[in-house]
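Only one structure is covered here, and it is reproduced in the block below.
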Amino acid sequence: MAGDPNSPSPALELLLCGTWSTAERDTWAGALRAAMPGHRLHLELPTGTPIDIAIVANPPAGALHGLPRLRLIQSLWAGVDRLLADPTLPLQVPIARMVDPAMNAAMAETALWAALSLQRGTFRYAHQQRAACWHLLPQRRADEWTVLVLGLGQMGRTAARALVRQGYRVRGWSRQPASAEDGVLLFHGDAALPRACADADVLINLLPLTAETRGLLDARRLGWLPRGAAVVNLARGAHVVDDALLRALDAGAIGHAVLDVFHTEPLPPDHPYWRHPGVTVLPHAAAQTDPRSAAAVVAANVAAVQDGRAPSHLVDRARGY
Ligand code: NAP
């Protein structure tokens, strides 16, 4: 009965839209349909049926333009820098990004793996093995090893906690003063970055890509790290000025780089990172969105829209994250 508060809310029309293989799309469609059996999920824009919510993963530019009933854009990815770069994105429609504890945990594992591998010399031992070189490196304890985490958001904070549990000296850097975190020495704002970098053995980047953070890891700021420090970039390739990092690696100013993200992905076969002895390359694998847990996150936001509640994890377009 129309207007009856006890009558069930009508099913919503959902559009799944991304840049991906058919197999990847079908995996997502299966997980989303299982999590939201009461709604209709379209894989193509239907004619004559207005879309309520677009569920997106790097949608082609213009794909969300001209949808008159659109009430939410739900990203399947945590980073929304590419989405926000589309000038045709409807201005009045809220955007929610993917925040999934399973993804945060995966990122924390990658950050911890990188810190442990650097502290224990694993990358250098792998290099030595290729040269049949038996050479013992000095051993440093975890509590003698300082890890700086840039960005204390969903991923950065989870990673910082894992690093504290492992016994490292942990520093964290954010834009605004962050709420206290046991075992993490906090810094915020541009002016504090040189001090945050000053004693870091490892810098782990977990910042969102915004106008302020693009190119942040340039020659000047890499120079704030102690000689031989390592850089771990798990966030976005455009945070790093590649030429500056390569020069710092060649000069020994940076001892090693673990890079999961790049300006161009896949990393072109002729890129110097592939063969540089001081670089470990990962194929954007630090924390993949898992459809099994992420579909439940999407379903919760779809239910919020259906019930007239505010969706979670909305993006502040002015800040860019
Ligand atoms: P998030 O929750 O939005 O984290 C934002 C954090 O960065 C906040 O602490 C924020 O400070 C800080 N920040 C933003 N701008 C800053 C600035 N100009 N100066 C200093 N601090 C700044 O992001 P997230 O979900 O943790 O994601 C982190 C990164 O991981 C993103 O780049 C995302 O794209 C990337 N990612 C990578 C993978 C992968 O597989 N490699 C997977 C998922 C995500 P305030 O607290 O003061 O606002």
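Just so it is clear, the values below take in all heavy atoms, side chains as well, and ignore hydrogens, waters and symmetry mates. Just follow the structure's listing: the first ligand is 1, and inside any ligand the first atom is 1. Keep in mind that what you see is a predicted model, and the values were worked out from it rather than measured.
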Output side-chain donor-acceptor pairs under 3.5 Å for residues 22-39, partner residues at least two apart or in another chain, one line each.
residue, atom, partner, partner atom, Å
Thr27, OG1, Ala23, O, 2.9
Arg33, NH2, Leu41, O, 2.7
His39, ND1, Leu12, N, 2.9

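Between the side chains of Asp81 and Tyr321, no donor-acceptor pair is found at a separation under 3.5 Å. Using modelled atom types and a 3.5 Å distance limit, the side chains of Thr49 and His42 yield no donor-acceptor pair. Side-chain atoms of Gln119 and Arg141 form no donor-acceptor pair, as typed in the model, at a separation below 3.5 Å.
Contact annotation: Met98 has no heavy atom less than 4.0 Å from any atom of ligand 1. Residue contacts with ligand 1: Met103 is included, with a non-hydrogen atom under 4.0 Å away. Ligand 1 has at least one atom lying under 4.0 Å from a heavy atom of Met107. Contact analysis leaves Thr210 out of contact with ligand 1, as no non-hydrogen atom separation drops below 4.0 angstrom. Taking a 4.0 Å cut-off on heavy atoms, Pro208 registers as neighbouring ligand 1.
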Item to check | side chain to side chain donor-acceptor pair (under 3.5 Å) between Asp260 and His284, worked out | outcome: CA-CA 5 Å; Asp260 182 56; His284 201 137; 4.9 Å; no
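Interface atoms of ligand 1 facing Glu212, defined by a heavy-atom separation under 4.0 Å, are 18 (N). Every atom of ligand 1 with a heavy atom of Ala78 under 4.0 Å away is listed here by number and element: 43 (C), 44 (C).
Between Gln288 and ligand 1, a contact under 3.5 Å exists for no N or O pair. By the 3.5 Å distance cut-off applied to N or O atoms, Trp173 is not counted among the residues near ligand 1.
Heavy-atom proximity to atom 16 (C) of ligand 1, evaluated over Arg236, Arg97, Arg214, Arg175, is greatest for Arg175. Of the candidates Leu207, Leu209, Asn205, Leu207 brings a heavy atom nearest to atom 32 (O) of ligand 1. The residue among Ala287, Ala196, Gly320 with a heavy atom at the shortest distance from atom 40 (O) of ligand 1 is Ala287.
By the 30° and 60° cut-offs, the orientation of the rings of Phe123 relative to Trp113 is perpendicular.
A donor-acceptor pair under 3.5 Å is absent between the side-chain atoms of Asp250 and the main chain of Gly252, judged by distance alone. Between the side chain of Trp173 and the backbone N or O of Leu152 there is no donor-acceptor pair closer than 3.5 Å.
With values rounded to the nearest 0.5 angstrom, Gln74 atom CD is found 10.5 Å from Ile95 atom CD1.
With a heavy-atom cut-off of 4.0 Å, Asn104 does not touch ligand 1 at all.
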